[in-house]
Amino acid sequence: QVQLQESGPGLVKPSQTLSLTCTVSGGSITTNYYYWSWFRQAPGKEREFVAAITWNGGSTYNADSVKGRFTISRDNAKNTVYLQMNSLKPEDTAVYYCAATSGYYLQGYDYWGQGTQVTVSS
């Protein structure tokens, strides 16, 4: 059973940088055809897609709201996926989730982490 665990600092000021880590156990992030992604859910809003990376690291995808600011990456040796978030805004405040799917990155997901809170506030 694949398990995902998110971690990272919880509170930052606007315009600052923050990096989230998704540690994967019970499976390899190099498993063929899997997408590894980040989602977020702000208070009172639906969960939304943030970024995804393919099983071979060959392609990445970003939501329009984070393009140019967020970068998804991976470390195969550590079986870990990262989300580097630059130029943070208060509207980036949300619970951030790591997820994995054997289907297309915009379709249903097989595995989810429990989420980690990110608060952007001065």
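Please read these numbers as outputs of a predicted model, since none were measured by experiment. Sequence positions, counted from 1, serve as the residue numbers for this chain.
Closest of all the heavy-atom pairs between G115 and V95 is CA-CG1, 3.9 Å. Between Y61 and F49 the shortest heavy-atom distance is O-CZ, 3.8 Å. Closest non-hydrogen pair, Y35 versus G103, comes out as CD1-O, 2.9 Å. Considering all non-hydrogen atoms of both residues, P9 and S19 come closest at CD-O, 3.7 Å. Across P14 and S122, no two heavy atoms sit closer than the pair CD-N, 3.6 Å.
With N62 contributing its side chain and K67 its backbone, the two residues share no donor-acceptor pair below 3.5 Å. Side-chain atoms of S15 do not come within 3.5 Å of backbone N or O of S87 as any donor-acceptor pair. The closest donor-acceptor contact from the side chain of Y109 to the backbone of Y105 lies under 3.5 Å. Formation of a donor-acceptor pair under 3.5 Å by the R69 side chain with backbone atoms of Q84 is not found in this model. Here the side chain of T93 pairs a donor or acceptor atom with the backbone of V120 at under 3.5 angstrom. The backbone N or O of I29 sits nowhere less than 3.5 Å from a side-chain atom of N76 that would complete a donor-acceptor pair. Looking only at distances, a side-chain donor or acceptor of D110 sits under 3.5 Å from a matching main-chain atom of S102.
Using a 4.0 Å cut-off between a side-chain N of Lys or Arg and a carboxylate O of Asp or Glu, K89 and D92 do not qualify as a salt bridge.
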Intermediate values then yes/no, side-chain contact (heavy atoms from CB on, under 4.5 Å), L4 and W36: CA-CA 10 Å; L4 310 173; W36 302 87; 3.7 Å; yes
F70 vs L83, side-chain contact (heavy atoms from CB on, under 4.5 Å): CA-CA, chis, key distance, verdict: CA-CA 7 Å; F70 291 12; L83 183 68; 4.2 Å; yes
Check against side-chain contact (heavy atoms from CB on, under 4.5 Å), N79 and T23: CA-CA 7 Å; N79 215 36; T23 302; over 6 Å; no
Residues L20, T116; criterion side-chain contact (heavy atoms from CB on, under 4.5 Å); working and verdict: CA-CA 9 Å; L20 298 180; T116 187; 4.0 Å; yes
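Y34 has its side chain out of reach of T101: every pair of non-hydrogen atoms, C-beta onward, lies at least 4.5 Å apart. Using a 4.5 Å heavy-atom cutoff, the side chains of D75 and Y82 are in contact. Under the 4.5 Å side-chain criterion, counting only non-hydrogen atoms from C-beta, Q41 is not in contact with Y96.
With rounding to the nearest 0.5 angstrom, the CZ atom of R74 is 5.5 Å from the CD1 atom of I53.
No continuous path of hydrophobic side-chain contacts links V118 to L11 [ILVMFWY only; heavy atoms under 4.5 Å].
Side-chain contact of N86 with T17: a donor-acceptor pair under 3.5 Å is present, judged by distance alone. For the residue pair S28 and T30, a side-chain donor N or O sits within less than 3.5 Å of a side-chain acceptor on the partner.
Taking the ring axis of W112 as reference, the NZ or CZ atom of R47 stays within 45° of it and closer than 6.0 Å to the ring centre.
Put simply, the residue from E6, E48, E91 that forms a salt bridge (charged side-chain N to carboxylate O under 4.0 Å, His left out) with R40 is E48.
Residues Y97 and F39 keep their aromatic ring centres 6.0 Å or farther apart.
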